[in-house]
Amino acid sequence: MDYHALAQELMYSMYLMNKSKPHRELGDRMRGEAFVLQYAFQHEGPVLPSEISQAMNISSARMAATLNTLERKGLVTRQIDPADRRRIIVHLTEEGLAAAKRGQQAMSEHMVQMLETLGEDDAREFVRLSGKVARIVVEMHSALHEHCHGETGHEHRRKPPVRSQANAK
């Protein structure tokens, strides 16, 4: 098997997806303010700015600017953590919760439409392979991080609970 030729074909497919407007819009929901809202929504409670910035791989200064914007828009609030007064915790407001639900619904509808277009068998195979690729990417990143930094780098991170569509309504 010529993996180099397959890699070239995959890269071209990714290029086509990345330049499509629906894919860019979906990508935008996975960054910036929308990401912060979704991250807080998935955690179903207060989160630390450092957790969000770590998940987004951005600086604390960039995170503070994003939170300032979200706070001005009335989507989040920041408060001193009563359990540890040195920390700030971020809460979604009712408006922020509604915006996060709308964002999740829009992403879900986009994905459903794509999966329906693929058909049942291909949709199941796509989801299976996407999960497998995601696990491989995470493992490769962890191995690279461990090699470069001498640690796995994720022992201290908590995984967000998966919020089902039934719970999101």
N/O donor-acceptor pair under 3.5 Å between S13 side chain and E9 backbone: yes
Pairwise salt bridge (charged side-chain N to carboxylate O under 4.0 Å, His left out) hits with a residue in residues 128-139, at least two apart: E125-R128
Heavy-atom check, side chain of M56 versus side chain of Y39, under 4.5 Å: no
Atom CG of D2 with >12 non-hydrogen neighbours under 6.0 angstrom: yes
Check: T117 and M114 side chains under 4.5 Å, non-hydrogen atoms: no
Residues in side-chain contact (heavy atoms from CB on, under 4.5 Å) contact with M1, at least two apart in sequence or another chain: Y3, L6
Over all atoms of both residues, closest heavy-atom pair of S59 and S53: O-CB, 4.2 Å
Over all atoms of both residues, closest heavy-atom pair of Q104 and Q42: NE2-NE2, 2.9 Å
Path from L118 to M111 over hydrophobic side-chain contacts below 4.5 Å: yes
Interatomic spacing from OG in S50 to CZ in R87 - rounded to 0.5 Å: 7.5 Å
Nearest heavy atoms of H91 and P46, plus distance in Å: CE1-CB, 3.4 Å
Member of N68, T69, L70 meeting the side chain to side chain contact (heavy atoms under 4.5 Å, CB included) criterion with T66: L70
Close side-chain approach of L37 to L75, heavy-atom, < 4.5 Å: yes
Any pair counted as salt bridge (charged side-chain N to carboxylate O under 4.0 Å, His left out), so long as it reaches residues 68-78, sequence neighbours left out: E33-K73, E71-R78
CG on L115 to CZ on R124, rounded to 0.5 Å: 10.5 Å
From V47, L97, V36, residue fulfilling side chain to side chain contact (heavy atoms under 4.5 Å, CB included) relative to L92: L97
Worked verdict on Q105 versus E109 for side-chain hydrogen bond (donor to acceptor under 3.5 Å, both in side chains): CA-CA 6 Å; Q105 185 65 33; E109 287 173 12; 3.0 Å; yes
Contact check, side chains of I88 and L48, non-hydrogen atoms, under 4.5 Å: no
